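For reference, the structure is listed below as structure tokens.
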There are 4 protein chains.
Amino acid sequence: MTDDVPQPPRWQRRAESRPQEVLEAALAVFVERGYTAASLDEVARRAGVSKGTLYLYFDNKAELFKAVIRQSLVSNMDEARTLAAQHSGDNWELLTLVLREFTHKVVMSPLSGIPKLILGEAGNFPEITRFYFDEVVQRGRTLIQGILERGIAAGEFRAVDTEEAWRIVIAPLVLSMLWKHTFQPFEPQGLDFERHLRTHLDLLRHGLASAASHQE
Amino acid sequence: MTDDVPQPPRWQRRAESRPQEVLEAALAVFVERGYTAASLDEVARRAGVSKGTLYLYFDNKAELFKAVIRQSLVSNMDEARTLAAQHSGDNWELLTLVLREFTHKVVMSPLSGIPKLILGEAGNFPEITRFYFDEVVQRGRTLIQGILERGIAAGEFRAVDTEEAWRIVIAPLVLSMLWKHTFQPFEPQGLDFERHLRTHLDLLRHGLASAASHQE
Amino acid sequence: MTDDVPQPPRWQRRAESRPQEVLEAALAVFVERGYTAASLDEVARRAGVSKGTLYLYFDNKAELFKAVIRQSLVSNMDEARTLAAQHSGDNWELLTLVLREFTHKVVMSPLSGIPKLILGEAGNFPEITRFYFDEVVQRGRTLIQGILERGIAAGEFRAVDTEEAWRIVIAPLVLSMLWKHTFQPFEPQGLDFERHLRTHLDLLRHGLASAASHQE
Amino acid sequence: MTDDVPQPPRWQRRAESRPQEVLEAALAVFVERGYTAASLDEVARRAGVSKGTLYLYFDNKAELFKAVIRQSLVSNMDEARTLAAQHSGDNWELLTLVLREFTHKVVMSPLSGIPKLILGEAGNFPEITRFYFDEVVQRGRTLIQGILERGIAAGEFRAVDTEEAWRIVIAPLVLSMLWKHTFQPFEPQGLDFERHLRTHLDLLRHGLASAASHQE
DNA sequence: TATGAATGAGAGTTCATTCAT
DNA sequence: TATGAATGAACTCTCATTCAT
């Protein structure tokens, strides 16, 4: 009756690329909806696979969530490690470099959704929260606090309370990430992360500058 | 038919206080679990009422959530308005006052859970987010940005980019609130909000200080 | 437009009778389908409740299953205990009484479906099987083996191997129960449990009779 | 298109042995889990093939199940037929022989799992049940009942109700098979089928013995 | 012939919501 | 006003079955 029109195959075998695609879709849905409200149906749809396929790669929803976090932490950590190794010039330059790199590699990328996720689900996933706390927060603290302390020791910076100051240094960056995923839709022009960073660095430079360094 | 003999009531009538108790319980549960994972069973249990009773006061879960946000905004707004009206001395003093009051009245109170909720559930409640954005964020921005601009105009502050700087001024306070509800359980000693604020103000004062004001 | 015809209520509150009704429906469905193939949808339908209602009374499917077993055990055990206490006449009379009562109270009742369930699903529920083994099988063994041993000691019965004989005494009753729920539909006339028991007792009496008791 | 160069085969061809291995694995899994709870994944794993391969030999799960039953019936039937042909001496000897052979060839072999399966799935596979009923049960009945009737006619046995007695003769053997797959794990010493059979035969011999045969 | 990645229907379970009491 | 038993839709997860390779 009808011609033997070749049909497109119902699906393809793509065992290697699938998990990555799923993780990306999952990150997006989790960030938009939050862990509990995220439905695996939607994750599957966005990843272009069936619901059952998710379970070929991840044991369950919680494991998928953890995998999302974990993989993004790997990226995060790689960034951090790279940066820490680059302390070439003085400490202010290093601090500038670190914050700038972080802005470009994390704040402006999809990874910026992770803090929102951690925030929203900390109560329901204590072990994830602890993992994030140990692996990301504490490392970030060590990095920043170290720069501040060395800068103070070198007479570059004023003697600020570094136990608290590290949090103040990163606060605007964290807020940027959250802002982006929360209020972005209501601001027509969007966030200008570069300009935001410049302003932060400007305030910070004057805030940290020692009397000795005022001459420059 | 029968005489109107006063019977001991089978339930306590507490029509006025009930909703308030429910709202408090709901805030706590929402903050702990997030909107979606929060169960009305638990809200009811903590409020000491039955699940059905919740529906006498709130149409549904979303309305209860909105009511929680809305009522906290009332407190927030009152604080903000009160503070804004008190600008007695110079702008630095006003800024200090505003941040200190906010720290005590919001950051250190249960209200600090609200931002976490908003940030965590923004994707599922656009109208709530918009409401919060208009009523809280924009007002906060107006308040802080105004102080900065007047300070700059008066020669008190350096000419910073106030479009961005207001967010940097707020960031550490927001971060404190989020930190408290996220990582507090993992830090034995807890956050010292006073000390945190002092450090922030210290950095900020030097960061904003104009050449003219350097004499002091 | 239409008359205000009173509608039958959508459901009724019957908190006390519900669990019993559910258990009866569950027993029937479990026996027909087996544990795994039994769907809670069907249990709910037969009990005349919604699926969700099942969870008001039983934590989950396994607990419902256990409750079915447990409740039937109560009857079983009570029968057994009552009978054991009544050993008035000689041991053959007691054995006759026990088997006859069991036939009427268990074999011929819906409870007869339980052994089929246990035997069919033992592999998936070790703890249920163990429970049944300890509470039902062992008690039955103690009861029957005790009668045999006392009969032998009294010279009523031949010296048979009681460690094995108790199982042989029980076997036809168990087989009846299984037969009833397995092959009954294929036999038009059905099983005559009375006649079956009579034949069993006839064979057993001669099989156990000692030389001394042959006179009668 | 291309020459038919013989390539080394990518997989071993074992077309003849494969189905048999699958059937054995399937019997084991079905007996352990029951039909519904048995997963084809596990059958495949135990048979050492992939899940897809199962479908090269069997249309679907139900057909695999039927094949398992069917093939075991063939074995069963072969046993039965062999035994029925051997009625050499008197009827008691024949009965003894039949029960002993059945014990060794069926009760003590993996085939003993079949009754459990039939039992558990009778409700879901009526045609299997009927098949088993016609081919196994009825034949067994004919065999045993025939022996009993000829023994009675020959004055060897008492005039028992053979319509029922055949089931009583079989019952302990059936129960042994079920016991083995149900309570075996809970009994450290395991079942002694020989001893069990001896006791059964002992009771049965006295139960069936006619006055005439008492002399021996 | 053989594989195993991919599918999708159906299961158990939860929970916001309703309503007889 | 207050209750909580009852509902049913929606979710996560499993697994028999299909099919590109």
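All of these numbers come straight from a predicted model, not from anything done at the bench. Proteins come first, then strands; the chains are lettered A, B, ... in the order of their sequence lines, and each starts at number 1.
Judged purely by atom type and a 3.5 angstrom limit, B:K116 has no side-chain atom pairing as donor or acceptor with the backbone of A:G120. The main-chain N or O of A:L119 is never found under 3.5 Å from a side-chain atom of B:T182 such that the two would form a donor-acceptor pair. Counting only distance, with no hydrogens or angles, the side chain of A:E32 and the backbone of B:G123 share no donor-acceptor pair below 3.5 Å.
Rounding to whole angstrom units, CG of residue A:L54 and P of E:dT7 are separated by 9 Å. Here the C1' atom of nucleotide E:dG12 and the CG atom of C:D59 are 13 Å apart, to the nearest Å. In this structure, B:F65 places its CZ atom 18 Å from P of E:dC15, rounding to the nearest Å. The OH-P distance, from B:Y35 to E:dA16, rounds to 8 Å in whole Å. Summarising the geometry, the separation between CG on C:N60 and P on F:dC11 is reported as 22 Å, rounded to the nearest angstrom. Rounded to an integer number of Å, the gap from A:Y55 OH to F:dT12 P is 7 Å. Following rounding to the nearest Å, B:R33 (CZ) and E:dA16 (P) show an atom-to-atom distance of 12 Å. We find that OH of D:Y57 is positioned 7 Å from P of E:dT1, with the value rounded to whole Å.
Within the structure, every pair that satisfies the salt bridge (charged side-chain N to carboxylate O under 4.0 Å, His left out) test and touches residues 54-64 of chain D, not counting sequence neighbours, is listed here: D:E63-D:K66.
Relative to the side chain of D:L56, the nucleotides E:dG8, E:dT14, E:dT3 differ in distance, and E:dT3 lies closest. Closest to the C:K51 side chain, of the nucleotides F:dT17, F:dT7, E:dT13, is E:dT13. Comparing F:dT3, E:dA6, F:dA16 by their nearest atom to the side chain of B:T53 picks out F:dT3.
A salt bridge does not link A:R46 with A:E24: none of the charged nitrogens is closer than 4.0 Å to a carboxylate oxygen.
Taking the six-membered ring for Trp and thresholds of 30 and 60 degrees, C:F125 and C:F65 have ring planes inclined between 30 and 60 degrees apart.
When all heavy atoms of C:I118 and C:I128 are compared, the pair lying nearest together is CD1-CG2, 3.8 Å. Here the closest heavy-atom approach between residue B:L64 and residue B:F30 is recorded as CG-CE1, 4.3 Å. Of all heavy-atom pairs between B:R33 and A:N124, the closest is O-ND2, 2.9 Å.
Contact check of residues 37-45 of chain C against DNA chain E (heavy atom, cut-off under 4.0 Å) returns C:A38, C:S39, C:L40.
Comparing A:G48 and B:A62 by the nucleotide of DNA chain E that holds the closest heavy atom to each, the one mapping nearer the 5' end is A:G48. Taking the nucleotide of DNA chain E with the nearest heavy atom to each of C:T36 and D:G52, the more 5' of the two is matched to D:G52.
Within the structure, a side-chain polar atom (N or O) of A:R18 is placed less than 4.0 Å from OP1 or OP2 of E:dA6.
Within 4.0 Å of C:K61, counting heavy atoms only, lie sugar-phosphate atoms of the nucleic acid but no base atom.
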### Message
Applying side chain to side chain contact (heavy atoms under 4.5 Å, CB included) to B:Q20 and B:Q71, what does each step give before you reach the verdict?
### Response
CA-CA 10 Å; B:Q20 188 50 39; B:Q71 110 146 348; 3.1 Å; yes
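Secondary structure note: stems in DNA chain F built from 3 or more consecutive Watson-Crick or G-U wobble pairs under 3.5 Å occupy E:2-21 with F:2-21.
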